[in-house]
Amino acid sequence: MDEDADTDTAGDTDEDALRLPMLLEAVLSVGTDLELRSTLQHIVDSAALLIGARYGALGVVDPERGRITELFTCGMTDEERQRIGRLPDGHTGLLGVLVQDRRPLRIDDLATDPRSSGVPPGHPEMHSFLGVPIRVHTEVFGNLYLTEKREGRFTEEDLSLLRVLASQAGIAIGNARLYETARQRERWIEGAAAVTTALLTGASAENALMTVAEQARILADASAGVVLQPTPEGGMEIVAASTTDDPGDLIGTAIAPGSPVLVQLLGGEPVFVEDSATDPRMTTHVRSRFGPSMMLPLQSGGRLIGTLALPRRRDDPVYTAVDRLLASQFASQAALALVLADARHDRERLAVFEDRDRIARDLHDLVVQRLFATEMMLESTRRRAADSADPSDPGGDSALLGRAVDELDSTIQEVRTTIFALQQPPADAPTSFRGKVLRETGGAAVVLGFQPSVHFAGAVDTLIGEETADRLLAALRGALAAAHRRPGVGAITVEVSAGGPGGGSGAAEGDPGARLRVTDDGTPPTTVDWP
């Protein structure tokens, strides 16, 4: 009997000696790859080879939700994987036991263990089972499962070897996660820099929001990237959307005022949703298309600019803590870039206004003054020529000088109109009567193909009241529309005056002599007078 015991001990020693190099090889091999998914698959393959198991699996566990989010397998064919179907959630069966208990587990026959339940149809028949947790630092990253040992049953030595391999796998996974997080962070930083560069190089407001949505969608591997902005009613509306499909049905989708999601966003807090289709906080009609989602407030200096939403498709993996952190940092950077771009646009507009004001002052101080002085000299010359002119010569020097004086007077009126137009902010609706007349003629120029000539006489802004101004503008619109319908019209002159004698039937109290004349060069030429 002693001889038999010695023989068994010697056999175990020989077997351990043979498996030790295999363990060392497995330990070294699991740390050779820094790509996380490749590392996880390599751990499963190495464990099955080391222990001599037919099947192996590594389940990644979400510590917040206590369920399996990914499963890496070996030993099964593609057809067997398809027959199994959906990924187990880790809430039932032996996989759930390891998720909840987090202690090594060895079972000789799964068929006799009451905890073995929930096996899906089409799953390969399995009897022996071995499972150990994989820890990264103090956190359980996942569990390593082996079934169906090729020779005999799993032993305590197998369990010890697997625990050693799982310990080294935890180190390899930690390194791979650090590398993956660093690469992911680098991509987000580069994306934020690209957004900032694009916004600060003169993109319009609409293109700026689309740039933010597009970059965020790509970086987050989301199904869509949308930007919402507050509405006057107190809700939020999608104003920019980037998707791989047609985003037309997303634009205009609104979150109703008082929605729990909206209250959280208006308070500056992000919203993270596991399933948009079933979460009661989600109320929009497009929620059924999406699964996991992030809604991140775009705020800067305590001011909420909008919201960046990044929904994924149904059954897509949920966002990790790293995803949430990096996306939140991106949203903060994008919000700051939007504010800076808006401020830059305001500065550019201010520079344009200042330049227009300078041009207007130069025209008034130099050009108009010189034209007026030239007109006075010509008028004086015309009068002297008239005294010595032959009355029977209608085309003499006096008549030519008179026409020159009229042309100069018309030019002065045109320059004054241009000065007034330069002093108006181009993007704002005009508030003065002069500005409204210029807006009407400017709009008509797009249809006519040329700019009507506009002349003002008298203090039209102060003498023409609001009621009369509305009627005059209506008459102006009608005259311009009629001129457009007549053939051969290539020039239109608009004359508006106030303060003249009479005032006409169209003048109201406080609007002495408000008059409008519209003349064109059509065939035949037409003149419209109001009143």
Without placing hydrogens or testing angles, list every side-chain donor-acceptor pair under 3.5 Å for residues 257-266, not counting sequence neighbours.
unit_1: Ser259; atom_1: OG; unit_2: Val261; atom_2: N; d: 3.4
unit_1: Gln264; atom_1: NE2; unit_2: Pro270; atom_2: O; d: 2.9

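Among residues two or more places apart in sequence or in another chain, the salt bridge (Lys or Arg N to Asp or Glu O under 4.0 Å) test is passed with Arg185 by none. For Thr253, there are no side chain to side chain donor-acceptor pair (under 3.5 Å) partners at least two apart in sequence or on another chain. The side chain to side chain contact (heavy atoms under 4.5 Å, CB included) search around Ser167 returns none, not counting sequence neighbours. Judged as a side chain to side chain contact (heavy atoms under 4.5 Å, CB included), and not counting sequence neighbours, the contacts of Asp45 are Gln41, Cys74. Considering only residues two or more places apart in sequence or on other chains, Gln329 meets the side chain to side chain donor-acceptor pair (under 3.5 Å) condition with none of them. Partners of Arg187 by salt bridge (Lys or Arg N to Asp or Glu O under 4.0 Å), not counting sequence neighbours: none found. In this view, Asp221 satisfies the salt bridge (Lys or Arg N to Asp or Glu O under 4.0 Å) rule with no residue, not counting sequence neighbours. Every residue two or more places apart in sequence or in another chain that forms a salt bridge (Lys or Arg N to Asp or Glu O under 4.0 Å) with Glu139 is listed here: Arg177. For Glu214, the side chain to side chain donor-acceptor pair (under 3.5 Å) partners are Arg217, Ser242, not counting sequence neighbours. Taking the ring pair (Phe, Tyr, Trp, His ring centres under 6.0 Å) definition, one finds that Phe290 meets it with nothing, sequence neighbours left out. Here Arg183 pairs with nothing under the side chain to side chain donor-acceptor pair (under 3.5 Å) rule; sequence neighbours left out.
The minimum heavy-atom distance between Gly59 and Leu71, with the atom names listed, is CA-CD1, 3.6 Å. Here the closest non-hydrogen pair linking Leu219 and Gly191 is CD1-CA, 3.8 Å. Taking all atoms of both residues into account, the shortest heavy-atom contact from Tyr319 to Arg324 is O-NE, 3.7 Å. Of all heavy-atom pairs between Trp530 and Ala514, the closest is CZ3-O, 3.9 Å. Residues Ala166 and Pro133 approach most closely at CB-O, 3.8 Å, considering heavy atoms.
The existence of a salt bridge linking Lys436 and Glu440 is excluded, since no basic side-chain nitrogen approaches an acidic carboxylate oxygen closer than 4.0 Å.
Checked by atom type and distance alone, the side chain of Thr441 pairs as donor or acceptor with a backbone atom of Leu438 at under 3.5 Å. The backbone N or O of Ile492 lies less than 3.5 Å from no partner atom in the side chain of Asp520, so there is not a single donor-acceptor pair. Looking at Thr307, its side chain never comes within 3.5 Å of a backbone N or O of Pro297 through a donor-acceptor pair. Formation of a donor-acceptor pair under 3.5 Å by the Thr468 side chain with backbone atoms of Ile464 is not found in this model.
Residue Met294 holds its CE atom at 8.0 Å from CG of Leu308, rounded to the nearest 0.5 Å. The distance from atom CG of Leu228 to atom CG of Leu304, rounded to the nearest 0.5 Å, is 10.5 Å. Atoms CD1 and CG, from Ile218 and Leu310 in turn, are 11.5 Å apart once rounded to the nearest 0.5 Å.
Side-chain atoms of Asp279 and Ser276 form no donor-acceptor pair, as typed in the model, at a separation below 3.5 Å.
In this structure, Arg37 places its CZ atom where only 12 or fewer heavy-atom neighbours from other residues, nucleotides or ligands lie under 6.0 Å away.
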